[in-house]
Amino acid sequence: MNIDAVLTAGRRAAEQRMRDRIRLYEQGPDLFNRENGTTVAGARTTLYEGKARVEPIAQASGEDTQAAEREVRLLEYRVSVPWATVLPPGKRVVPGLRLEVLTSPDPRMAGLTLWVTGANYGDQATAWRLTTEDRS
């Protein structure tokens, strides 16, 4: 058995299951305009845009917590992107990056914003998997 051939077949199969489109990005800090009292969202830097598989983690029951003076429920999702995905030079996946679901066969997923909490690396993986949470 040739492990490289098996991995190639597994990666091809994993990509065939990637039916969502996402955008992974860095969100710059918000800017406050003292003259008119408005806040402008910081600049976004796109690190990856393309196919993915977004799936809730079945065991995740969610966790209630306080954020910005309101109650939020943290739900976990695993996001798989093609194993060969390359980020711009000098960039790595770090907690706090954001991920937006652009399109999905499940129309309820489109527009979902997820916060990256980690990434799994491995030379024998069939996809690059990001752990994320929905903070709504």
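- For A41, the side-chain contact (heavy atoms from CB on, under 4.5 Å) partners at least two apart in sequence or on another chain are Q27, D30.
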Pair R78, E76 - check salt bridge (Lys or Arg N to Asp or Glu O under 4.0 Å), show working.
CA-CA 7 Å; R78 178 179 11 224; E76 294 180 284; over 6 Å; no
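- In the hydrophobic clustering of ILVMFWY residues, with side-chain heavy atoms under 4.5 Å counting as a link, M18 and L87 come out apart.
- With rounding to the nearest 0.5 angstrom, the CG atom of L97 is 10.0 Å from the OH atom of Y25.
- Among residues at least two apart or in separate chains, salt bridge (charged side-chain N to carboxylate O under 4.0 Å, His left out) pairs with a member in residues 85-95 are E26-K91.
- Looking at every heavy atom in both residues, E133 comes nearest to R135 through OE2-NE, 2.8 Å.
- Side chains of Y48 and I22 form a contact here, defined as non-hydrogen atoms less than 4.5 Å apart.
- Remark: side-chain polar atoms of T38 are not paired, donor with acceptor, to backbone N or O of N33 under 3.5 angstrom.
- Taking OG1 of T132 as the reference point, atom CZ of R98 lies at 13.5 Å (rounded to 0.5 Å).
- The distance from the CZ atom of F32 to the OG1 atom of T39 is 5.5 Å, given to the nearest 0.5 Å.
- Using a 4.5 Å cut-off between side-chain heavy atoms of Ile, Leu, Val, Met, Phe, Trp and Tyr, with links allowed through other members, L102 and L47 fall into different hydrophobic clusters.
- Remark: Q16 CD to K51 NZ distance equals 8.5 Å, nearest 0.5 Å.
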Checking E55 against R17 for the side chain to side chain contact (heavy atoms under 4.5 Å, CB included) test, could you report, in this order, the C-alpha distance in whole Å, the side-chain angles of both residues, the deciding distance, and whether it holds?
CA-CA 11 Å; E55 57 186 319; R17 296 185 72 193; 6.0 Å; no
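- There is no path of hydrophobic side-chain contacts, each under 4.5 Å, that joins W83 to L99.
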Show me the side-chain donor-acceptor pairs of residues 109-121 shorter than 3.5 Å, one per line, residues at least two apart or across chains.
residue	atom	partner	partner atom	Å
T117	OG1	T131	O	3.1
T117	OG1	T131	OG1	3.1

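- L24 has its side chain within reach of V93: a pair of non-hydrogen atoms, C-beta onward, lies under 4.5 Å apart.
- Taken from CZ in R12 to OG1 in T126, the straight-line distance is 12.5 Å, to the nearest 0.5 Å.
- In this structure, CD in E49 is found 4.5 Å from CZ in R23, a value given to the nearest 0.5 Å.
- Counting only heavy atoms from C-beta outward, the side chains of V54 and S80 never approach each other to under 4.5 Å.
- Looking at P82 and R11, their side chains never come closer than 4.5 Å, going by heavy atoms from C-beta outward.
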